[in-house]
Amino acid sequence: MEKLRATRIEKGEALRAAGANPYPYRFEVTHSVAAVREQEKALAEAGAHVRVAGRVMALRGHGKTAFGHIEDSSGRIQFYVKRDDVGDDVFRRFELVDLGDIAGIVGTVFRTRTDELTIKVESLELLSKSIRPLPEKWHGLTDKEIRYRQRYVDLAVNPEVREVFVKRSRLVETVRRFLLARGFLEVETPVLQPLYGGASARPFTTHHNALDMTLYLRIANELYLKRLLVGGFERVFEFSKDFRNEGIDRSHNPEFTMMECYAAYLDYMDYMDMMEAMVAEVARELTPNGQATFDGRTMDFTKPWKRLRFFDALREKTGVEFFGVAEKELAAHAKRLGVHVEKGAPASVIIDEVFSALVEPGLQEPTFIYDYPKELSPLAKDHRSVPGLVERFEGYIGGFEVCNAFSELNDPLEQRRRFEQQMENRARGDEEAQVLDEDFLRALEYGMPPAAGLGVGIDRLTMVFTDNHSIRDVILFPHMRPEDGR
RNA sequence: GCGCUGCUAGCUCAAUGGUAGAGCAUCUGACUCUUAAUCAGGUGGUUGAAGGUUCGAGUCCUUCGCGGCGCACCA
């Protein structure tokens, strides 16, 4: 390794000695690789000069001539250097170029005998000397640990990885455009919060020195967006990096991206339609026909999602009724179904466990589950006709949750009772019970319009549209333990 | 946290407990339409770390570190 580096550093020095800066400031690019391909005919006929810059990804020397490939973000193209064309000086400098260097080439386009579009180099400039060798050209970089830790290398040599993140960006852009077109206002709310709320999770804790106070990284931005509804913004949304101090696995990263949006005067059924339309638009943008293949299963997002009531889904899957059943009987159900539940767990927890274990994994096709038990949803409004339920839905794709929405609870007195119940749960040891937020209650007391809200897991939605099965593959720099000792 | 599994050259991978190897990359030489270029020759290793067993350890055992997969916790 040290030898490989030293050789490359020496080549950089040799270039410097020949009067060329191995790290110059600027290069005038006239064409991307894609543009050269698109405009080939006109460029060839005119004998026009193109100036292309990128990373040298292949080199094949033949003595007084050489072929290579240069790659920019739009693609890869062959170039051809011939000593008789470029002259001794340029050719000698070219010989100091290594695989992985960033270079700028100037030349004309032509087709080789094998009919490959090629740039005939007239001059060439090293734009950045690479002093670390890239992974091998054929197998590339496959070691997941290195791919995640050194994503820059992964991206540099694996174009399909770049494509994943291009898609992610287009997905975000599509969602943003969708919301803006419907009159939503994009806002920014605090990441550092004196109280954390809006979801059930343990937070990351930090400290503000000047104010000498504890602050939390947000686990959600829900309560702030609702305050904005009180303030008179009728439709708001935010792409929010949220932080949850919990385990890491295929579908959980400690920091992740959620899009939350709230609209006054709508209810959860309106939002179900909207979610469907939003994902359909994403599918149109990212796929040729509105269909995505995830884990070998083709999903057609031009069609409506399946819709199932929470307790209907449970009953269908287990053959047992869970609604309106006493705790003791629920525990017996769970045991019989082979779902492990802590002794003395409350009804809501038992139901949630059974649902997670038996129903969720089967929700492969895009499905909305709706009308949740009240105890699981302290921020959702009571169901308008069925006591014990709230107006809430979650969207599932590929067996995991991709969104969560409800008709928002806007009765300040009821919200206070729900918070108090949560605080009781907390006192009994539920570390994830939500914290009572007096300022949020004060806001509700001023009057929040009836509204519905939706949170969409952007990482997970990206997984669906890129057919990746680990959240690490859709996060550029996923969380890793430090690589000490290596 | 538990179970399984992996960690060998820059990368991708070999190596019954018995001399650490190959391909690519790299270096030297040849080569003016190649494309996983070709041909000839060379360099490159604290086998993740530390202990142990053994005449002898990449290989077996223990502990630790960092991944992957599954489970649990968790949404």
Side-chain angles (χ1 to χ4, degrees), chain A residues 1-8 10-11 56-69 76-86 91 95 98-100 110-118 120 130-150 153-154 156-158 198-202 219-220 242 244-254 256 258 339-342 349 352-353 355-357 360-361 376-377 394 396 399-404 430-432 455 457 459-460 469-473 478-486:
Chain A
M1 181 64 196
E2 278 315 305
K3 224 166 181 177
L4 297 172
R5 267 183 95 235
T7 309
R8 285 170 171 244
E10 273 167 32
K11 286 184 184 174
V56 176
M57 297 302 282
L59 279 174
R60 296 178 293 279
H62 293 80
K64 309 293 172 287
T65 177
F67 286 89
H69 279 90
R76 188 182 277 219
I77 194 166
Q78 180 167 260
F79 62 85
Y80 176 53
V81 187
K82 191 166 145 187
R83 197 178 64 175
D84 291 354
D85 290 345
V86 299
F91 199 77
E95 286 179 319
D98 284 305
L99 237 39
F110 76 108
R111 289 242 165 205
T112 61
R113 272 210 300 254
T114 53
D115 204 33
E116 177 163 352
L117 178 60
T118 301
K120 178 180 279 187
S130 160
I131 62 169
R132 236 173 227 275
L134 287 175
E136 187 222 330
K137 62 187 171 188
W138 193 238
H139 299 92
L141 180 67
T142 60
D143 185 306
K144 285 208 169 170
E145 183 167 358
I146 306 180
R147 288 189 45 220
Y148 296 147
R149 285 192 197 281
Q150 304 183 39
V153 181
D154 187 27
V157 302
N158 294 324
S200 301
R202 293 187 308 203
I219 60 172
D242 293 343
R244 298 187 183 177
N245 207 337
E246 282 156 8
I248 300 176
D249 65 22
R250 264 194 6 252
S251 54
H252 297 87
N253 195 63
F256 63 102
M258 181 99 97
V339 177
H340 174 76
V341 178
E342 298 260 328
V349 171
D352 190 34
E353 290 283 334
F355 187 86
S356 300
E360 255 188 42
L376 296 174
S377 320
E394 293 193 347
Y396 286 86
F400 52 80
E401 178 194 338
V402 295
C403 73
N404 180 18
D430 181 357
E431 278 187 79
E432 303 198 340
D459 312 276
R460 292 179 177 182
H469 306 110
S470 169
I471 198 166
R472 291 190 184 94
D473 290 321
H479 183 76
M480 301 286 275
R481 283 191 164 90
E483 54 181 324
D484 285 347
R486 283 182 69 95

**Asked** Ignoring hydrogens and angles, does a donor from either the side chain of A:Thr112 or the base of B:U34 sit under 3.5 Å from an acceptor on the other?
**Response** yes
**Request:** Under the side-chain contact (heavy atoms from CB on, under 4.5 Å) rule, collect the residues that match up with A:Ser356, sequence neighbours excluded.
**Result:** A:Asp352, A:Glu360
**Complete:** side chain to side chain donor-acceptor pair (under 3.5 Å) filter on A:Asp98, not counting sequence neighbours, yields A:Lys11, A:Lys129
**Request:** Check whether any side-chain heavy atom of A:Met258 sits under 4.5 Å from a side-chain heavy atom of A:Asp459, and report yes or no.
**Result:** no
**Item:** Whether A:Arg460 side chain and A:Ser251 backbone form a donor-acceptor pair below 3.5 Å
**Value:** yes
**Message:** For a quick check, tell me whether the side chain of A:His139 and the base of B:C11 share a donor-acceptor pair closer than 3.5 Å.
**Reply:** no
**Request:** Give the nucleotide from the list B:A37, B:C74, B:C27 with an atom nearest to the side chain of A:Lys137.
**Result:** B:A37
**Message:** Can you identify which nucleotide, out of B:U34, B:U32, B:U12, has its nearest atom closest to the A:Phe67 side chain?
**Reply:** B:U34
**Paired and unpaired positions of RNA chain B as dot-bracket, Watson-Crick or G-U wobble under 3.5 Å, | denoting a partner strand** = (((((((..((((....[..)))).(((((.......))))).....(((((..]....))))))))))))....
**Message:** Using atom C1' in both nucleotides, what's the gap between B:C11 and B:A30 to the nearest angstrom?
**Reply:** 27 Å
**Request:** Please state whether the rings of A:Tyr80 and A:Phe110 are parallel, tilted or perpendicular, taking 30° and 60° as the class boundaries.
**Result:** tilted
**Asked** Hey, does A:Arg250 reach any base, or is it just sugar-phosphate, or nothing, if we go heavy atoms under 4.0 Å?
**Response** sugar-phosphate
**Pair of N/O donor and acceptor under 3.5 Å linking B:G68 base with A:Glu145 side chain** = no
